[in-house]
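Sequence positions, counted from 1, serve as the residue numbers for this chain.
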Amino acid sequence: MAPDAQGSVESLDSLMQAMGQRMDADLLRQAITHRSYAYEHGGLPTNERLEFLGDSVLGIVVTERLFRDFPDEPEGQLAKLRAAVVNASLADAMEAVIGAMYMSTDLETTRTFIERIFGPLIAESSQLGAGLDWKTSLQERSAELERGVPEYRVTDTGPDHAKEFTAHAVIGGDVLGTGHGRSKKVAEQEAAAQAYAALGGTTDA
């Protein structure tokens with residue numbers, strides 16, 4: 001296979017060695033092709049479909065691990081723990097790489113890789129407190145204070161391949177928090193964290 005504009009066969013081999021797993025080189029190349037790069041180079045296939053797949057694979061592996069590791073936790077807490085681990089995420093490219101690995105190998109091989117990368121984060125997630133999922137924590141805090149349900153107003157700027165999102169957490173008509181990020185999810189979580197603090201909650205882990 002000849003090298004392309006994104007990197008040589010050798011660089012892909014080096015990446016696979018660092019990951020500790022062989023996989024289909026074409027799928028790996030696609031997994032690291034962000035929309036912005038594809039746009040700038042004539043419409044190459046992007047990593048978005050692989051990201052979609054990898055997100056689902058990551059979710060099921062993390063959910064099963066949490067189910068095993070925290071047998072006494074209720075469903076709601078497990079959901080927070082999962083959100084903390086998955087949201088911590090990693091760049092979209094990591095989820096795309098997971099998707100590429102799953103397509104190149106199998107679920108068990110991919111599970112081993114995910115647990116090696118995410119294992120420490122899963123172990124630490126139980127210590128994150130309200131930061132497990134700021135949106136859920138804000139909703140609970142607002143309910144305790146009888147302030148109503150938080151609303152998120154999100155705007156974006158920039159071209160489709162490089163958007164920046166701004167989220168405002170609004171409670172009772174008041175903007176209590178603002179967040180920014182390359183994804184709506186990140187912006188909303190940051191806004192929720194600010195609003196949680198504004199309502200007197202502690203943001204210490």
Heavy-atom check, side chain of Phe113 versus side chain of Thr109, under 4.5 Å: no
Rounded to the nearest 0.5 angstrom, the CZ-CD distance for Phe165 and Glu188 is 10.0 Å
In this structure, CZ of Arg82 is separated from CD of Glu75 (nearest 0.5 Å) by 8.0 Å
Rounding to 0.5 Å, atoms CE (Met101) and CD1 (Ile114) come to a distance of 8.5 Å
Q.
Count I, L, V, M, F, W, Y as connected when their side-chain heavy atoms are under 4.5 Å apart, and connections chain through other members. Are Val154 and Val170 then in the same cluster?
A. no
Interatomic distance, CE@Met94 vs CZ@Phe118, rounded to 0.5 Å, equals 6.0 Å
The reported gap from OG1 in Thr136 to CZ in Arg141 (rounded to nearest 0.5 angstrom) is 15.5 Å
Hey, is the main chain of Thr155 close enough, under 3.5 Å, to the side chain of Thr166 for a donor-acceptor pair? no
Do Met23 and Phe52 belong together in a cluster built from hydrophobic side chains that touch within less than 4.5 Å? no
side-chain contact (heavy atoms from CB on, under 4.5 Å) with His168: of Thr178, Leu176, Asp174, only one passes, and it is Thr178
Heavy-atom nearest pair, Ala169 first then Ala195, reads CB-CB, 3.8 Å
Residues Val85 and Leu121: closest non-hydrogen pair is O-CD2, 3.7 Å
*Decide yes or no for Glu164 and Asp156: does some side-chain heavy atom of the first lie under 4.5 Å from some side-chain heavy atom of the second?*
no
Check: Do the side chains of Leu58 and Val186 join up, straight or via other hydrophobic residues, at under 4.5 Å, putting them in one cluster?
Finding: no
Which of Val97, Leu27, Leu50, Thr110 passes side-chain contact (heavy atoms from CB on, under 4.5 Å) with Tyr102? It is Thr110
- Query: With side chains defined as the heavy atoms from C-beta onward, is the minimum distance between Ile171 and Val149 less than 4.5 Å?
  - Reply: no
- Would you say the side chain of Lys163 lies within less than 4.5 Å of the side chain of Arg182, judging by non-hydrogen atoms? no
Arg147 side chain near Leu199 side chain, heavy-atom distance below 4.5 Å:
yes
Looking only at heavy atoms, the pair that brings Gly59 and Thr63 closest together is O-OG1, 2.6 Å
Glu51/Arg49 ion pair, N-O < 4.0 Å: no
Subject >> Note, Lys80 side chain near Ser137 side chain (heavy atom, < 4.5 Å) >> reply: yes
Checklist entry - Is Met103 reachable from Ile32 through a run of I, L, V, M, F, W or Y residues, each pair having side-chain heavy atoms under 4.5 Å apart? => result yes
In terms of heavy-atom contacts, Gly179 and Glu190 come closest through CA-OE2, 3.4 Å
Note: Val57 and Leu107 closest approach over all heavy atoms is CG1-CD1, 4.2 Å
In short, Ala192 meets Tyr152 closest at the heavy-atom pair CB-OH, 3.4 Å
Rounded to the nearest 0.5 Å, the CZ atom of Arg65 sits from the CD1 atom of Ile60 at a distance of 15.5 Å
> Do Val62 and Leu53 share a hydrophobic cluster, counting only Ile, Leu, Val, Met, Phe, Trp and Tyr and linking them when any side-chain heavy atoms are less than 4.5 Å apart?
Replying inline: yes
**Prompt:** For Leu78, does its backbone N or O pair with a side-chain atom of Glu73 as donor and acceptor, under 3.5 Å?
**Reply:** no
Review point. If we ignore angles and hydrogens, is there a donor and acceptor under 3.5 Å between the side chains of Glu95 and Asn47?
Key: no
Inset, instruction - Determine, for Glu64 against Arg68, whether the closest basic-nitrogen to carboxylate-oxygen distance falls under 4.0 angstrom. - result: yes
